[in-house]
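Working notes, structure below.
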2 protein chains.
Amino acid sequence: MTKVKEQNTETVILEAAKEVFQHKGMAGARMQEIADKAGINKAMLHYYYRSKDKLFSAVFASAINLMAPKIMKIINTEDHLFAKIENFTYKYIDFISKHSYMPLFIINELNRNPNLLKDAFANKIENNIEQKLVAQIDDLIAKGEIRSINPEQLLLHIISLSVFPVIGKPLLKNILQKDDKSYKQLIKERQTCVAEFVINAIKL
Amino acid sequence: MTKVKEQNTETVILEAAKEVFQHKGMAGARMQEIADKAGINKAMLHYYYRSKDKLFSAVFASAINLMAPKIMKIINTEDHLFAKIENFTYKYIDFISKHSYMPLFIINELNRNPNLLKDAFANKIENNIEQKLVAQIDDLIAKGEIRSINPEQLLLHIISLSVFPVIGKPLLKNILQKDDKSYKQLIKERQTCVAEFVINAIKL
DNA sequence: GTCTATAATTTGATAGAC
DNA sequence: GTCTATCAAATTATAGAC
């Protein structure tokens with residue numbers, strides 16, 4: 001009635017695994033919980049993915065392949081730097097708000113095992129981001145439109161301002177003494193105020 | 001010869017536990033590994049701390065009680081806002097660089113169990129931070145020294161810029177295509193350039 | 001207080017019927 | 001492909017000697 005067609009079992013498992021792994025991490029995740037969430041039994045997990053490790057790798061790769069293009073698509077445009085910043089912060093904060101566990105999941109698992117990226121994909125992020133953006137920033141500095149700034153630091157600033165308040169929510173909420181609703185409101189405001197802040201900082 | 005005196009067993013255990021829990025998380029930590037690192041056997045862990053849960057709580061409380069005062073001490077001064085910002089970013093980036101696993105550890109475990117803070121301490125962070133700082137910022141806005149800005153957002157900006165590049169290192173290192181040494185150099189630069197960036201953003 | 005040995009439980013993985 | 005039943009290993013926790 002509602003659903004046109006059942007997803008196949010493999011996909012159902014992967015979706016359940018994403019949810020459990022991203023919330024509990026590799027070490028904390030339980031195959032039984034994934035099976036329950038998928039509405040099947042444990043044996044099926046092994047039938048489709050052989051081992052917990054393999055299933056985890058599929059989840060991790062899926063997360064990376066969802067995150068990385070989002071960054072690139074916005075940055076690799078012909079827009080003016082200020083427009084890029086506005087675009088990126090708005091859309092990226094929106095995106096990670098809806099997938100708030102994903103960046104933390106990635107950072108965590110990368111800490112446990114630094115060569116996960118190599119396994120997950122052949123460096124799709126690559127230096128594309130840098131090269132084009134760095135050139136654009138250096139150009140604006142030369143023209144005297146913005147202050148002199150290290151382009152890599154600027155990129156770190158923008159990413160930090162966008163990501164950290166979302167993933168650090170349980171801690172920051174407490175520091176600011178906010179309830180869930182008003183903290184969410186703060187994040188929503190950041191979709192525009194981060195860009196404003198950054199542009200104020202660099203504009204001449 | 002080298003050490004003047006042996007630490008007592010309880011402390012040795014706690015130090016070993018800190019290291020393991022903060023790197024592996026509650027779920028990934030193994031009592032055996034903690035015992036090995038402490039140079040004793042598993043039974044001793046239970047003799048002193050009864051259970052893994054209890055030992056974890058001791059580690060978590062210790063982390064909170066190390067982090068929280070660091071923030072307050074710097075912010076609760078009579079300095080000018082700009083000096084506070086310079087002081088905070090410089091010292092805080094330095095501190096978390098030396099304890100890079102700690103903020104991630106706290107955020108993670110808080111995600112798994114949001115009322116850990118209540119157990120760990122009776123809200124030592126409290127609204128002290130806010131009240132005084134908010135008043136100071138509002139005052140400077142009224143005087144026309146800085147742009148109009150939501151003080152809470154400014155606090156989020158400063159914390160994000162200080163903390164995220166350190167805890168997100170495994171991911172950001174890859175995005176910027178840096179090796180360990182040059183990424184560390186980037187972080188070192190941030191001890192001064194973050195404050196410069198923030199002050200530029202708000203100064204009128 | 002500290003150790004060895006072991007119990008009790010959890011959990012990833014497999015065998016085998018249907 | 002899917003299930004039930006079960007194994008094998010890992011892991012927290014305890015008992016009891018010294």
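Letters go in sequence order (proteins before strands), and every chain restarts at 1.
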May I have the step-by-step check of salt bridge (Lys or Arg N to Asp or Glu O under 4.0 Å) for A/E152 and B/R190, ending in yes or no? CA-CA 11 Å; A/E152 287 173 339; B/R190 293 183 73 79; over 6 Å; no
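Residue A/K169 is tested with A/L104, A/D180, A/I187 for a side-chain contact (heavy atoms from CB on, under 4.5 Å); the sole match is A/D180.
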Heavy atoms under 4.0 Å is the rule here; annotate nucleotides 1-7 of chain C 5' to 3' with B where the base is hit, S where only the sugar-phosphate is, and - elsewhere. BBBB---
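Of the residues in residues 20-36 of chain A, those placing a heavy atom less than 4.0 Å from an atom of DNA chain C are A/A29, A/R30, A/M31, in numerical order. Listed by residue number, the members of residues 50-60 of chain B with any heavy atom below 4.0 angstrom from DNA chain D are B/R50, B/S51, B/K52.
Using cut-offs of 30° and 60° for the angle between ring planes, the A/H80 and A/F82 rings count as perpendicular.
There is no side-chain donor-acceptor pair under 3.5 Å between A/S97 and A/D94. Judged purely by distance below 3.5 Å, without hydrogens or angles, the side chains of A/Q32 and A/D36 pair a donor atom with an acceptor atom.
Within a 6.0 Å radius of CZ in B/F56, other residues, nucleotides and ligands contribute more than 12 heavy atoms. The environment of B/K84 atom NZ is dense: over 12 non-hydrogen atoms of other residues, nucleotides or ligands sit within 6.0 angstrom.
Taking CG of A/L81 as the reference point, atom CG of A/L140 lies at 5.5 Å (rounded to 0.5 Å).
Using a 4.5 Å heavy-atom threshold, the side chains of A/Y48 and A/L14 count as separate.
A straight line from NE2 of B/H46 to C1' of D/dT12 spans 5 Å, rounded to a whole angstrom.
In summary, B/E15 and B/K18 engage in a salt bridge, as defined by a charged side-chain N under 4.0 Å from a carboxylate O.
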